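Here the structure comes first, spelled out in structure tokens, and everything after it is commentary.
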Amino acid sequence: MVIDGKTKTCGLIGNPVEHTMSPLIHNTLAEKMGINLVYVPFLVTEEVETAIKGASLLHLHGLNVTVPHKSAVIPALAEIDPLAEKIGAVNTLVSTEGGFKGYNTDMTGLYRAMASYGISLEGEEVILLGAGGAARAVAFLCGFYGVKKVYLCNRSVEKGKLVAKEVNVGLEKELVIPLGLEEYTKIPDGKYLCIQATSVGLAPKDTEVVISDPAFYEKVHTGFDLIYRPANTRFMQLVKAHGGKAYHGLKMLLYQGVEAFELWNQVKVSEKYALEVYEKMKGAMGIEE
Ligand code: ATR
């Protein structure tokens, strides 16, 4: 690629940033779509609000935000998208005349990843595992996209109750029902979409799973694990062993990037290009499926 006086700069701020796959996503899309844009990682260890101000003064075109800054950047924004505001975390900043506008494409990316597998949320009842930042965001996403009920199972029931209350108050409906991990037996009989949003099963502890009881998996028609390292988590294996379909979270990572790229450049990325990027991501990860 040729970098010249008109090249737009986008990047990622976080700590750490050296293992990110985002440069691969955005630089590949820029090249494929003939957009004069470069994407680089920026390590930000402190004073994230000052960093955002600096980015604005440098007229950076757009930013992604990762751990640990996804909530800390919010006070530095000029504007925030309603879903991101409810969640209280942003991962994408788009430059506007008044400063940056924040979005949460982690969640819209998850929605799009699920849609690409034919999974819909509208009218569904969902089992959600976890009550951390990721699970909380998924609960809001469910509320935004017409899920009827979310059974939230978490090790710490108190934390689950807190998240349920926050989401139900935020969405002004009784969406989330908090349960302990063994209390899944209280979930009415039926087959559910189950979203695995805990950190359990993440490499290198990839033999771990949050619920191992086979009876639980009888309730699951589709399992979506937000984890993508490994690409076939214990959770996914158990879902499949009981006849369900199971997916890992790498497409969520793909589409959070695609959605950010679209917001920055006011373009629509074709599915063909998205899948070509996905092939590169799988290659970089050594994943086949
Ligand atoms: P994130 O922000 O990425 O969601 P987090 O806030 O640390 O991460 O949340 C981690 C989630 O994984 C929580 O739901 C946590 O359960 P607790 O709320 O009971 O801590 C869950 N988790 C982590 N280790 C676990 C384990 N060994 N067994 C069951 N759940 C676990």
Side-chain angles (χ1 to χ4, degrees), residues 12-17 19-22 48 64-74 83-92 102 104-111 113-114 126-143 150-168 170 175-187 194-217 220 223-230 233-239 248-250 252-253 256:
L12 169 71
I13 61 166
N15 181 20
V17 289
H19 300 297
T20 176
M21 231 184 291
S22 292
V48 67
N64 281 137
V65 184
T66 189
V67 177
H69 304 313
K70 288 186 185 188
S71 298
V73 296
I74 291 176
L83 174 63
E85 186 170 30
K86 288 271 187 225
I87 295 169
V90 298
N91 77 313
T92 298
N104 190 307
T105 72
D106 286 330
M107 284 305 114
T108 52
L110 169 62
Y111 181 77
M114 290 197 288
V126 171
I127 301 175
L128 175 58
L129 302 180
R136 189 175 163 281
V138 171
F140 274 113
L141 181 79
C142 286
V150 173
Y151 297 96
L152 182 153
C153 300
N154 195 50
R155 177 179 60 179
S156 153
V157 184
E158 283 315 306
K159 204 163 144 193
K161 280 185 184 164
L162 230 68
V163 169
K165 193 171 171 195
E166 247 186 305
V167 176
N168 293 344
L175 175 75
V176 183
I177 298 173
L179 297 166
L181 289 181
E182 295 79 33
E183 287 183 304
Y184 68 82
T185 47
K186 292 186 180 166
I187 299 171
C194 177
I195 303 175
Q196 201 302 111
T198 77
S199 46
V200 180
L202 192 63
K205 295 184 175 176
D206 47 17
T207 55
E208 294 184 358
V209 64
V210 76
I211 298 177
S212 53
D213 190 346
F216 172 74
Y217 293 91
V220 179
F224 195 104
D225 201 328
L226 301 198
I227 292 173
Y228 56 86
R229 213 185 297 259
T233 61
R234 184 86 189 110
F235 168 77
M236 291 168 62
Q237 291 168 20
L238 286 166
V239 170
H248 58 71
L250 193 64
M252 174 183 173
L253 184 67
Q256 66 73 32

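None of these values were measured; they are calculated from a predicted model. Indexing begins at 1, ligand by ligand and atom by atom, following the structure's order.
In summary, the atoms of ligand 1 found under 4.0 Å from a heavy atom of A134, numbered by their order in the structure, are 1 (P), 2 (O), 4 (O). Less than 4.0 angstrom separates some heavy atom of V210 from each of these atoms of ligand 1: 29 (C), 30 (N). Within ligand 1, the atoms closer than 4.0 Å to a non-hydrogen atom of S156 are 18 (O), 19 (O), numbered from 1 in the order shown. Within ligand 1, the atoms closer than 4.0 Å to a non-hydrogen atom of G133 are 1 (P), 2 (O), 4 (O), 6 (O), numbered from 1 in the order shown. In summary, the atoms of ligand 1 found under 4.0 Å from a heavy atom of S199, numbered by their order in the structure, are 10 (C), 12 (O), 23 (C). The distance from ligand 1 to the heavy atoms of K159 drops below 4.0 Å at these ligand atoms: 18 (O), 20 (O). Every atom of ligand 1 is numbered from 1 in the order shown, and the set under 4.0 Å from a heavy atom of G130 is 14 (O).
For the pair S71 (side chain) and G88 (backbone), a donor-acceptor distance under 3.5 Å is present. Between the T233 side chain and the M236 main chain, a donor and an acceptor come within less than 3.5 Å of each other. Between the side chain of R229 and the backbone N or O of L202 there is no donor-acceptor pair closer than 3.5 Å. With N64 contributing its side chain and N91 its backbone, the two residues share a donor-acceptor pair below 3.5 Å. When atom types are taken as modelled, the side chain of Y217 and the backbone of Q237 share no donor-acceptor pair closer than 3.5 angstrom. A donor-acceptor distance shorter than 3.5 angstrom exists from the side chain of N168 to the backbone of L175, with no hydrogens or angles considered. N154 places a side-chain N or O within 3.5 Å of a backbone atom of A131 that can act as its donor or acceptor partner.
Here's the thing with R155: one of its N/O atoms is less than 3.5 angstrom from an N/O atom of ligand 1.
Counting heavy atoms closer than 4.0 Å to ligand 1, residue V200 contributes side-chain atoms (C-beta onward) but none from N, CA, C or O.
For atom 12 (O) of ligand 1, the nearest non-hydrogen atom of the protein is T198 CB, 3.2 Å. The shortest contact between atom 5 (P) of ligand 1 and any protein heavy atom is with G132 CA, 3.9 Å. In this structure, atom 18 (O) of ligand 1 lies nearest to the protein heavy atom N154 ND2, 2.8 Å.
F216 places none of its side-chain heavy atoms less than 4.5 Å from the side chain of L238. Side-chain contact between M107 and F140 is absent, with no heavy-atom pair separated by less than 4.5 Å.
The nearest protein heavy atom to atom 1 (P) of ligand 1 is closer than 4.0 Å.
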